[in-house]
Amino acid sequence: MQVAITTTVSAHPHRKPLVSLLRPSPPHRIRVHPFSHRLSTRASAMSSSVLPPPQQQLTITRPDDWHLHLRDGEVLAAVLPHSARHFQRAIIMPNLKPPVTTTARALEYREEILRALPLGSSFTPLMTLYLTDTTSPEEIKIARKSGVVFAVKLYPAGATTNSQDGVTDILGKCLPVLEEMVRQGMPLLVHGEVTDPHVDTFDREKVFIERILAPLVQKLPQLKIVMEHITTMDAVNFVESCKEGHVAATVTPQHLLLNRNALFQGGLQPHNYCLPVLKRETHRQAIVSAVTSGSRQYFLGTDSAPHDKRMKECSCGCAGIYSAPVALSLYVKVFEQAGALDKLEAFTSFNGPDFYGLPRNNSKIVLRRSGWKVPTTYPYGAGVIVPMSSGSTLEWLPSDQPEE
C-alpha cells in the first residue's frame with residue numbers, strides 16, 4: 001500500500017495561530033484479575049470491541065488537480081497560491097473572456113500563470129483548448145507539438161460559465177477535429193450536460209449521456225474522454241461500462257459531500273450552487289461508492305471556480321464553488337468516512353497521470369489530524385471570495401511544503 005500511516009504527531013508542530021491540535025483520548029484500559037477466568041473472558045471480549053485509535057498522519061504522493069479554474073488578473077493572483085500549495089500540477093480550464101481557443105493564446109495564458117506563482121513554487125499548469133464549432137484539425141496538431149497543451153475542453157454552448165462560444169453540434173461540426181485528436185492522443189474533456197430547455201435541470205447529465213456521449217464513444221471508441229465533475233449514478237454506470245484507459249471521470253469535493261438539499265437548508269445557499277447542480281442523495285452515495293472502490297477510472301478534479309462574493313449573492317448568482325484551499329482536506333474526510341483511506345492516494349495522485357500518460361509525482365505531502373478553521377473569505381483586489389466550508393473547522397490539515 002502506498003499510503004504511509006502513523007499514529008503520532010509532533011509535540012510542537014508549526015501552525016498558524018488559528019490552527020489548534022486535536023489529540024484523541026487515550027484508549028480505555030481494561031484491568032483483568034489473573035485468577036478469575038470469568039473476568040478474564042469478559043475483559044477479553046470488551047477489549048476486542050475497543051476501536052483502535054484514529055490515524056493521526058497520512059503521507060501520500062503529491063496530488064494533481066485535473067480540473068481547475070484560475071481565471072486571470074487579480075483573481076488569478078489571489079487564488080493561484082492556494083492550488084500551488086497542495087497540488088503539483090493542474091489541468092487549467094480555458095473558459096476565460098475571451099476563451100482560450102488557440103495554442104498561441106494557451107501559451108500566453110500559461111506565462112501569465114507562471115508569473116503569478118509564489119516564489120519558489122514548482123507548480124505546473126497543464127493547458128487546454130476551448131473547443132468551438134470552428135476549431136480546426138490543424139490547431140490540434142499545433143497544440144500537440146507545443147508540449148504544453150494536454151487536452152481539449154467541450155462546453156456545450158450555454159451550459160455553464162463563459163460557455164456561450166461552445167459547441168452547438170459535436171458530431172455534426174467537430175468530427176474532423178475529434179478524429180485528429182484520436183490520431184494525436186489528445187483527450188477530450190467533457191462538460192456533460194445538454195442545454196435543451198425542455199430537459200429538467202436535474203436530468204441534464206443523464207440526457208447528455210444518452211443523446212451525445214454514448215453515440216460519441218460508439219463513433220470514436222479510441223478517443224480518450226474525461227467526463228468532468230460527474231454528479232449522477234447514470235454517469236458512474238456509463239463510465240464503468242466503458243473501456244478502462246479510454247473513458248474516465250473527475251469528481252469534485254462538493255459532489256462527494258453535498259446533495260441538493262444543501263442548496264436550500266436555512267434559506268437559499270448561493271455558495272453551494274454549481275454546475276452541474278448538486279443531485280439527490282442516492283446519486284451522491286453512488287459517486288462516493290465508485291470513487292472509494294479503488295477503480296482506476298476516477299481521479300481528483302476540484303472544479304474549483306472562484307467568483308466575487310457579490311456575484312454569488314445577487315439576483316442572478318454565478319455558478320461555481322471555490323474549493324482550492326479546502327479540497328484536499330475534504331477528500332480525506334470522504335475516504336475516511338468510507339473506511340477507504342488506503343484507496344485515497346490512487347485517486348488523488350496516480351489515476352490522473354496514468355490516464356494522461358504522464359509520470360507520477362515524486363514528492364510527497366503530509367496530512368495531519370489537526371483541526372483548522374476555514375477563513376470566511378479570501379480577499380482579492382477590491383473584493384472577496386467565499387470558499388467551500390467557509391467558517392467551518394476541518395479535521396485534516398495538509399502540509400504547505402512538499403516532502404522529497
Side-chain angles (χ1 to χ4, degrees), residues 1-6 8-10 13-14 55-68 70 80-92 110-111 113-128 144 146-151 185-187 189 224 226 244-245 248 250-251 253 291-292 294-302 304 323-332 335-336 340-370 396-404:
M1 185 175 66
Q2 298 291 333
V3 179
I5 301 173
T6 66
T8 61
V9 178
S10 170
H14 299 289
Q55 296 152 4
Q56 298 302 301
Q57 181 170 299
L58 302 173
T59 301
I60 62 173
T61 301
R62 194 165 181 82
D64 303 303
D65 186 347
W66 298 97
H67 188 123
L68 178 63
L70 288 176
L80 178 57
H82 298 152
S83 292
R85 186 175 297 139
H86 298 153
F87 300 100
Q88 182 63 48
R89 298 170 291 198
I91 285 283
I92 309 301
R110 181 176 183 271
E111 289 304 311
I113 295 169
L114 294 176
R115 286 194 299 268
L117 277 173
L119 187 65
S121 174
S122 61
F123 177 83
T124 302
L126 309 176
M127 310 310 293
T128 61
R144 174 55 78 193
S146 74
V148 301
V149 175
F150 290 86
M186 181 79 74
L189 315 183
K224 291 174 74 73
V226 179
E244 183 179 304
T250 58
V251 187
V291 164
T292 60
S295 169
R296 291 164 50 90
Q297 289 180 277
Y298 304 97
F299 40 87
L300 184 159
T302 64
S304 181
S323 63
V326 299
L328 203 49
S329 298
L330 294 177
Y331 284 121
V332 179
F335 277 77
E336 183 173 43
L341 281 177
D342 60 320
K343 307 291 197 308
L344 174 70
E345 187 176 35
F347 173 77
T348 62
S349 312
F350 296 160
N351 297 346
D354 290 355
F355 182 86
Y356 276 85
L358 296 172
R360 297 175 179 180
N361 295 322
N362 293 320
S363 59
K364 305 286 185 179
I365 191 169
V366 176
L367 299 105
R368 295 180 175 86
R369 192 185 296 277
S370 179
W396 287 94
L397 179 68
S399 58
D400 287 349
Q401 299 299 325
E403 300 195 4
E404 299 303 326

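Just so it is clear, the values below take in all heavy atoms, side chains as well, and ignore hydrogens, waters and symmetry mates.
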State, with a plain yes or no, whether a side-chain heavy atom of [X] is found less than 4.5 Å away from one of [Y].
{"X": "Pro63", "Y": "Ile365", "result": "yes"}
{"X": "Met127", "Y": "Ser146", "result": "no"}
{"X": "Lys364", "Y": "Thr61", "result": "yes"}
{"X": "Leu58", "Y": "Glu345", "result": "no"}
{"X": "Val226", "Y": "Phe299", "result": "yes"}
{"X": "Arg360", "Y": "Gln88", "result": "no"}
{"X": "Leu126", "Y": "Asp64", "result": "no"}
{"X": "Ser329", "Y": "Pro398", "result": "yes"}

Name all residues meeting the ring pair (Phe, Tyr, Trp, His ring centres under 6.0 Å) criterion together with [X]; count only those two or more places apart in sequence or in a different chain, and write none if there are none.
{"X": "His67", "value": "His69, His229"}
{"X": "Tyr356", "value": "Trp66"}
{"X": "Phe150", "value": "none"}

Stepwise side chain to side chain contact (heavy atoms under 4.5 Å, CB included) check, Trp396 with Arg368: CA-CA 6 Å; Trp396 287 94; Arg368 295 180 175 86; 5.7 Å; no

Non-neighbouring partners of Tyr298 that pass side chain to side chain donor-acceptor pair (under 3.5 Å), sequence neighbours left out: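 Result, side chain to side chain donor-acceptor pair (under 3.5 Å) vs Tyr298: Glu240.
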
Non-neighbouring partners of Thr250 that pass side chain to side chain donor-acceptor pair (under 3.5 Å), sequence neighbours left out: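 With neighbours one apart ignored, the set is Glu228.
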
Work out which heavy atom in [X] is nearest to a heavy atom in [Y]; give both atom names and the distance.
{"X": "Pro325", "Y": "His82", "answer": "CG-ND1, 3.7 Å"}
{"X": "Arg89", "Y": "Pro353", "answer": "NH2-CB, 3.6 Å"}
{"X": "Phe87", "Y": "Ala324", "answer": "CE1-O, 4.5 Å"}
{"X": "Arg296", "Y": "Asp354", "answer": "NH1-OD2, 3.7 Å"}

Distance under 6.0 Å and angle within 45° of ring axis: Lys343 vs Phe335: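 So Lys343 doesn't make the cation-pi contact.
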
Side chain to side chain contact (heavy atoms under 4.5 Å, CB included), paired with Leu328, selected from Thr302, Asp65, Leu367, Leu397: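 Result: among Thr302, Asp65, Leu367, Leu397, Leu367 is the only option passing the side chain to side chain contact (heavy atoms under 4.5 Å, CB included) with Leu328.
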
Spatial distance of atom CG (Leu70) from atom OG (Ser304) [nearest 0.5 Å]: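 The distance works out to 8.0 Å.
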
Straight-line distance of Ser399 OG to Arg62 CZ, nearest 0.5 Å: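 Rounded to the nearest 0.5 Å, the OG-CZ separation comes to 7.0 Å.
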
Side chain to side chain contact (heavy atoms under 4.5 Å, CB included) partners of Ser121, counting only residues at least two apart: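 Listed in chain order: Ala84, Leu117, Pro118, Phe123.
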
Chi angles and distances behind the side chain to side chain contact (heavy atoms under 4.5 Å, CB included) call for Leu330, Ser323: CA-CA 9 Å; Leu330 294 177; Ser323 63; 5.6 Å; no

Side chain to side chain contact (heavy atoms under 4.5 Å, CB included) between Ile92 and Arg110, intermediate numbers included: CA-CA 9 Å; Ile92 309 301; Arg110 181 176 183 271; over 6 Å; no

